[in-house]
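Values in this document were obtained by computation on a predicted structure and should not be read as measured data. Just so it is clear: chains get the letters A, B, ... in the order the sequence lines come, proteins before strands, and each one is counted from 1.
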Amino acid sequence: MGVAYKAVQWNRQKLVYDIILLTTVVFYLFFFEGISLHLSSDLDLKGIWIRAFGSAAFILLHIILSIGPLSRLSSKFLPLLYNRRHMGVTMFTLALLHARDALAWYHDFGNLEPIVSLFVSNTHYADFVRFPFEALGGMALVILFLMAATSHDFWLTNLTAPVWKTLHMGVYLAYGLLVGHVVLGALETNPHPFLSAAVGVGFVWIVGLHLITALREAEKDGVPLFSQAIKSNIDADGFVHIGSVTDIPENRAKIAVISGERVAIFKYDGQISAISNVCQHQNGPLGEGKIVDGCITCPWHGYQYLPDSGISPPPFTEKIPTFNVKIQGDQILVNAIPNPPGTPVVPAVIGQE
Amino acid sequence: MDSLAIAVVEWVINLVRAYAIAGLVFAILFVTLFIKQLDSGAQGWALGFRILIIPGVVAFWPMFAIRLLRGKGHPTEKTAHRLAAKQSAGAQ
Ligand code: HEM
Ligand code: FES
């Protein structure tokens with residue numbers, strides 16, 4: 001990044017989201033306590049808070065996992081995507097409080113340290129129903145910690161976006177571990193059919209939503225998941241036919257897959273330019289963005305690039321690969337081989353050959 | 001309880017602790033003295049930012065230590081297009 005890092009880049013909108021998020025969480029926790037005490041007054045308060053923190057974190061995890069696919073299906077959910085980072089850190093904090101209280105509650109007797117006791121007090125690692133579900137929670141917590149600790153933009157730059165994304169894909173592993181933690185934990189300590197049913201419904205929702213989104217994305221790319229890919233037709237000069245200039249609205253892009261990745265082909269001021277679709281920030285889809293003030297603007301967090309060079313306007317320093325373009329009649333042709341990041345390319349002028 | 005299992009778990013936990021303590025010492029030195037050598041985005045004092053990244057530096061400290069020793073900044077990402085562009089530039 002070319003600009004100075006700050007702890008949090010708050011604006012009015014994000015501040016409002018954060019306030020709503022925190023109030024909802026606090027309300028949920030006290031609501032949970034109230035209901036539990038109401039249902040059975042002989043429960044220990046500490047035990048209630050362990051469950052309140054744990055369930056709050058688990059519900060928040062479902063919301064976080066839904067935002068990605070939902071915002072692919074409808075742009076109405078994009079504002080939630082921008083705020084997902086703070087949701088993630090909030091979820092980790094709740095999970096940490098849950099784990100801390102559970103360790104103090106279940107493991108702080110005897111002469112072993114609580115953290116050692118966590119792994120050795122139940123060694124039925126080969127037994128399904130009596131499996132040490134707390135160890136599953138512990139592993140998930142480590143993943144959630146790594147994600148929360150690397151949530152600042154500094155980490156995107158220093159781990160690079162692909163590595164960072166892979167690390168944050170660990171959330172799915174954490175989710176799987178937690179489903180095990182909750183289901184087995186419930187079987188062992190709190191056998192309540194409602195809890196297991198709720199976990200099941202949540203699981204079907206998350207998996208179903210991701211499947212629907214994956215199918216839709218694959219169709220858009222012309223690579224249907226369950227049939228053969230449509231071959232792009234490269235001509236003798238090494239150019240790929242994209243379609244007519246009339247297909248693209250002004251200041252918008254058409255997306256095509258070339259050289260193993262999506263390319264964004266933009267139309268603006270009577271010209272055509274093509275750049276790699278992959279934003280250098282978090283690999284957002286540039287081709288779904290617009291040209292604002294002469295710059296391609298990423299729809300995810302607003303990073304900008306000049307359409308004819310793929311370079312971010314100063315003081316920024318990002319550079320992405322560009323593609324040579326031609327126009328024949330009304331047909332757009334894009335070179336099959338990308339230029340090195342930041343290579344200036346003369347835009348193809350519409351109606352002039 | 002199995003005393004061997006306890007010994008193994010205690011040993012592993014002590015190892016993790018040692019890694020984290022070394023990481024914390026490194027992280028404090030890193031955010032106060034060395035961070036600008038690796039990332040030009042760290043400008044001025046930005047105290048909040050520097051404190052915020054400490055937990056992650058504790059986890060990933062060997063990566064930063066190696067970059068500092070080699071005198072290298074942060075790398076640039078690899079995407080299919082970046083790799084293809086590099087390849088064709090090399091072929092010419
Ligand atoms: C070291 C880490 C962890 C430990 C030691 C731990 C411990 C426990 C224990 C002892 C229970 C049973 C509580 C009871 O029914 O009385 C439980 C349940 C639960 N845990 Fe964890 N946990 C850990 C991590 C996590 C994480 C990371 C999450 C979620 C983000 C989580 C979510 C839950 C949920 C949703 C329940 C079910 C709550 C209920 O019974 O109402 N746990 N955990
Ligand atoms: S992915 Fe964040 S601005 Fe493009």
With a 4.5 angstrom heavy-atom cut-off, is it the side chain or the backbone of A:L156 that approaches chain B, or both, or neither?
neither
Ranking A:V278, A:I320, A:V163 by heavy-atom pairs under 4.5 Å to chain B gives rank one to A:I320
A:S276 versus chain B, the contacting section by heavy-atom distance below 4.5 Å:
both
Greatest number of non-hydrogen atom pairs under 4.5 angstrom with chain B, of A:T160, A:N158, A:N283, falls to A:N158
Shortest non-hydrogen pair, A:F145 vs B:A59, comes out as CE2-CB, 4.2 Å
For B:V12, is it the side chain, the backbone, both, or neither that has a heavy atom closer than 4.5 Å to a heavy atom of chain A?
neither
Please report the interatomic distance CZ(A:R262) to NE2(B:H81), rounded to the nearest 0.5 Å.
11.0 Å
Are B:L52 and A:F154 side-chain neighbours, meaning at least one heavy-atom pair lies under 4.5 Å?
no
Between B:F64 and A:W155, how do the two ring planes meet: parallel, tilted or perpendicular, split at 30° and 60°?
perpendicular
Quick check: do A:L167 and B:F60 have side-chain heavy atoms less than 4.5 Å from each other?
yes
